[in-house]
Amino acid sequence: MAEIQSKRPIIWSIAGSDCSGGAGIQADIKSGHAIGCEVCTLITANTVQNSRQLQSINSVPVDLLQQQFDCLLEDKPPQAVKIGLIANNQQLDWLVKRLKTLKQNSPGLVVVLDPVMKASVGQDLVVESIGAGLFDELLKIVDIVTPNHSEAASLAEDDEQQHTSSEWAERILHKGCQAVVITGGHGESEQFVTDNCYFEDQHLALKSPRTATGYGHGSGCSLSTAIAGFMAQGYLLRDAFIQAQAFTNKAFSLCPKDLKYYGALIQPYWPVEKQFYPQVVLSRPLESVSQSGFADLGIQKPGLYPVVDSVEWLEKLMPLGIEIIQLRLKNKTENELCRFIEQAVVLSKQYPTRLFINDYWQLAIEYGAYGVHLGQEDLQALSAEEIQIIQKSGIRLGISTHGSYEFLLAQQIKPSYLAIGAIFPTRTKDMTGQIQGVDNLREILKLKTGIPVVAIGGITLQNAPDVISTQVDSIAVVTAITLSTSPEKVVEDFKHLLS
């Protein structure tokens, strides 16, 4: 039974019921279904509220919560758990114990906590003071916490709200959770909302236009449920973060521009259009890229893009009419790198092939290569001065991306091309957690501008037609050529597929 029902990822929403239909369980169900998940509910309390006031909170006995838990676990185990209202200490103690066991028995389970402390109309949403020690125990189990500004300050024990979002996040992370998403709806800007995500020494920031509407009831619940839902579908946190924000932005666009009445957020269906994706706030080094971006690739449809690890492979493939190729050297001494890159550049001058050097941008510039290809870690490690050196040199720049967040980030600095991968599992690198698949590639391509996009990772003659059907501009191939007994024929077969 469980196997039959698990085609859609299952989210458990452990939260309160909002009889006005805007927040809590009701918002979680609407949002989860809209993004393609099945939502099961464990109701912690029945609240009596409307758009003007919160009248009462009627907590559910723990033994009834346990019955719901046992019944659902029998045939609807979750891929993600979203936690909202916790009505009292008995529920909190029960939840901590149950989640510990559930996470031990469910590898990969994601737990998202939306620490709702006040109703939107301003009244407290707990019927008794929640024990700080118990709540800290919950934070040790939770993967992602999604507070607004006031909730973040409270969790960080900053009653006067004198610290910054990053300082709040540092304090909350120190309590044991894996990531903190501080929502920006209560920020000071009248034009923009900035949501911040902190995890593993990383800070991601997304900026969206602020929407003037009174129909925002349940927006925080919807955002945290969407993050849980996208994580349940296999997205990395950074991609779940940006997808959830795009979903919420589309929801606000559907709401009436009426500030006189406080109504429920209107959830859209997934996927949403490009214009609803937020802007990725660039780090300071990346901000140094001039508006012109990097040199143009010189061709919009590069076609086949072999990636090889030696000059000998370049000698075999360049005469075959390939328009772009990459030399990826690993485990070489400095002298070997200089010699091989110089040889490769000299060889490339004999053919109309655009030679890209992987990683070694200084040597690529020194020896006059057509371009350099950088991964995300290499890109993020560059200083502002180094970025400006690359840009001013006129060399072309290709950038690896893995998912919509990195794709939109890299697109802002206008590289010569963008690579997206891994489309399929690959022998050359462990890409666990970053396999895009053809369907996700097709969705990411909807976010592209005029910059050529290359698909890479595990592409073979057998699966290439599915990749090509997405209308991607180029496919990069490694072992399909280098491990072939007849690489020349494989190149011709790929070129035929791409023609």
Side-chain angles (χ1 to χ4, degrees), residues 294-295 297-299 302-383 386-387 389-400 415-419 421-422 426-431 452 454 456-459 474-491 494-495:
F294 293 84
L297 182 60
I299 183 173
L304 180 63
Y305 187 177
V307 179
V308 297
D309 62 2
S310 70
V311 175
E312 288 75 19
W313 272 112
L314 296 179
E315 291 173 336
K316 286 182 183 179
L317 300 180
M318 280 187 175
L320 303 180
I322 292 169
E323 295 189 277
I324 185 171
I325 199 165
Q326 183 182 137
L327 178 61
R328 180 189 289 172
L329 297 171
K330 301 292 182 183
N331 304 316
K332 306 297 181 186
T333 66
E334 185 69 25
N335 287 337
E336 287 174 330
L337 288 171
C338 292
R339 185 170 76 253
F340 293 147
I341 290 174
E342 183 178 21
Q343 291 174 358
V345 172
V346 170
L347 178 65
S348 70
K349 304 300 183 183
Q350 303 173 34
Y351 302 97
T353 307
R354 297 160 176 82
L355 172 66
F356 277 75
I357 303 299
N358 184 269
D359 288 349
Y360 302 105
W361 61 269
Q362 297 98 327
L363 295 177
I365 293 173
E366 179 180 346
Y367 291 108
Y370 190 83
V372 61
H373 182 93
L374 297 178
Q376 282 290 317
E377 291 183 0
D378 302 306
L379 178 67
Q380 298 295 339
L382 293 174
S383 67
E386 289 171 328
I387 290 173
I389 289 171
I390 297 172
Q391 187 176 22
K392 290 176 181 178
S393 74
I395 198 170
R396 282 76 178 174
L397 175 65
I399 298 175
S400 293
S416 307
Y417 73 79
L418 286 164
T426 173
R427 302 184 189 184
T428 59
K429 187 183 296 186
D430 181 6
M431 298 297 290
V454 180
I456 186 171
I459 300 175
S474 174
I475 57 172
V477 176
V478 187
T479 57
I481 291 176
T482 59
L483 296 183
S484 169
T485 56
S486 180
E488 294 84 2
K489 183 178 185 306
V490 171
V491 167
F494 271 116
K495 289 173 67 177

Sequence-distant partners of Ala476, side-chain contact (heavy atoms from CB on, under 4.5 Å), two or more places apart: Tyr305, Val307, Val454, Ile456
What residues form a side-chain contact (heavy atoms from CB on, under 4.5 Å) with Ile389, not counting sequence neighbours? Trp361, Ile365
CA sep, side-chain torsions, deciding dist, call: Leu397, Val372, side chain to side chain contact (heavy atoms under 4.5 Å, CB included): CA-CA 5 Å; Leu397 175 65; Val372 61; 3.9 Å; yes
For Glu488, which residues count as a side-chain hydrogen bond (donor to acceptor under 3.5 Å, both in side chains) partner, sequence neighbours excluded? none
Compare every heavy atom of Phe356 with every heavy atom of Ile324, then report the nearest pair and how far apart it is. CD1-CE1, 3.8 Å
What's the shortest heavy-atom distance between Gly458 and Thr426, and which atoms? N-CB, 3.8 Å
For the OG atom of Ser393 and the CD atom of Gln362, what is their distance to the nearest 0.5 Å? 11.0 Å
Considering all heavy atoms, the nearest His373-Tyr417 contact: ND1-OH, 2.6 Å
Residues pairing under salt bridge (charged side-chain N to carboxylate O under 4.0 Å, His left out) where one sits in residues 337-355, two or more places apart or in two chains, turn out to be none
I'd like to check the side-chain hydrogen bond (donor to acceptor under 3.5 Å, both in side chains) partners of Lys489; sequence neighbours left out, ordered by chain and number. Asp493
Could you report the tightest heavy-atom contact between Gly375 and Ser400, atom names first, then the distance? CA-CB, 4.0 Å
Non-neighbouring partners of Ala480 that pass side-chain contact (heavy atoms from CB on, under 4.5 Å), sequence neighbours left out: Val477, Phe494
Minimum heavy-atom distance between Ala422 and Gly457, given as atom pair plus value: CB-CA, 4.0 Å
So does Leu297 get a backbone contact from the side chain of Tyr370, meaning a donor-acceptor N/O pair under 3.5 Å? yes
ring-ring contact (aromatic ring centres under 6.0 Å, His included) pairs touching residues 318-347, sequence neighbours excluded, are none
If the condition is side-chain hydrogen bond (donor to acceptor under 3.5 Å, both in side chains), which residues does Ser416 pass it with, not counting sequence neighbours? none
Is the CD atom of Gln350 crowded by more than 12 outside heavy atoms at less than 6.0 Å? yes
Quick one, Leu363 with Glu334, criterion side chain to side chain contact (heavy atoms under 4.5 Å, CB included). Give me CA distance, side-chain angles, the key distance, then yes/no. CA-CA 10 Å; Leu363 295 177; Glu334 185 69 25; 4.2 Å; yes
Considering residues at least two apart in sequence or located in another chain, which fulfil the side-chain contact (heavy atoms from CB on, under 4.5 Å) criterion with Gln391? Val289, Ser290, Ser292, Phe294
Check whether any side-chain N or O of Thr353 sits under 3.5 Å from a backbone N or O of Leu355 as a donor-acceptor pair, and report yes or no. no
Separation of Ile475 CD1 from Ile459 CD1 (nearest 0.5 Å): 5.5 Å
Leu314 side, atom CG; Ile325 side, atom CD1 - distance, nearest 0.5 Å: 5.0 Å
Going by heavy atoms in the side chains, are Leu317 and Ile481 under 4.5 Å from each other? yes
Pairwise salt bridge (charged side-chain N to carboxylate O under 4.0 Å, His left out) hits with a residue in residues 311-324, at least two apart: none
Could you report the tightest heavy-atom contact between Tyr351 and Pro319, atom names first, then the distance? OH-CG, 3.6 Å
Can you measure from CD1 (Ile399) to CG (Leu374) and round to the nearest 0.5 angstrom? 7.0 Å
Gap separating the CD1 atom of Ile390 from the CG atom of Leu379, nearest 0.5 angstrom: 8.0 Å
With sequence neighbours excluded, tell me which residues meet side-chain hydrogen bond (donor to acceptor under 3.5 Å, both in side chains) with Asp309. none
Just to verify, what does Asp359 make a salt bridge (Lys or Arg N to Asp or Glu O under 4.0 Å) with, not counting sequence neighbours? Lys330
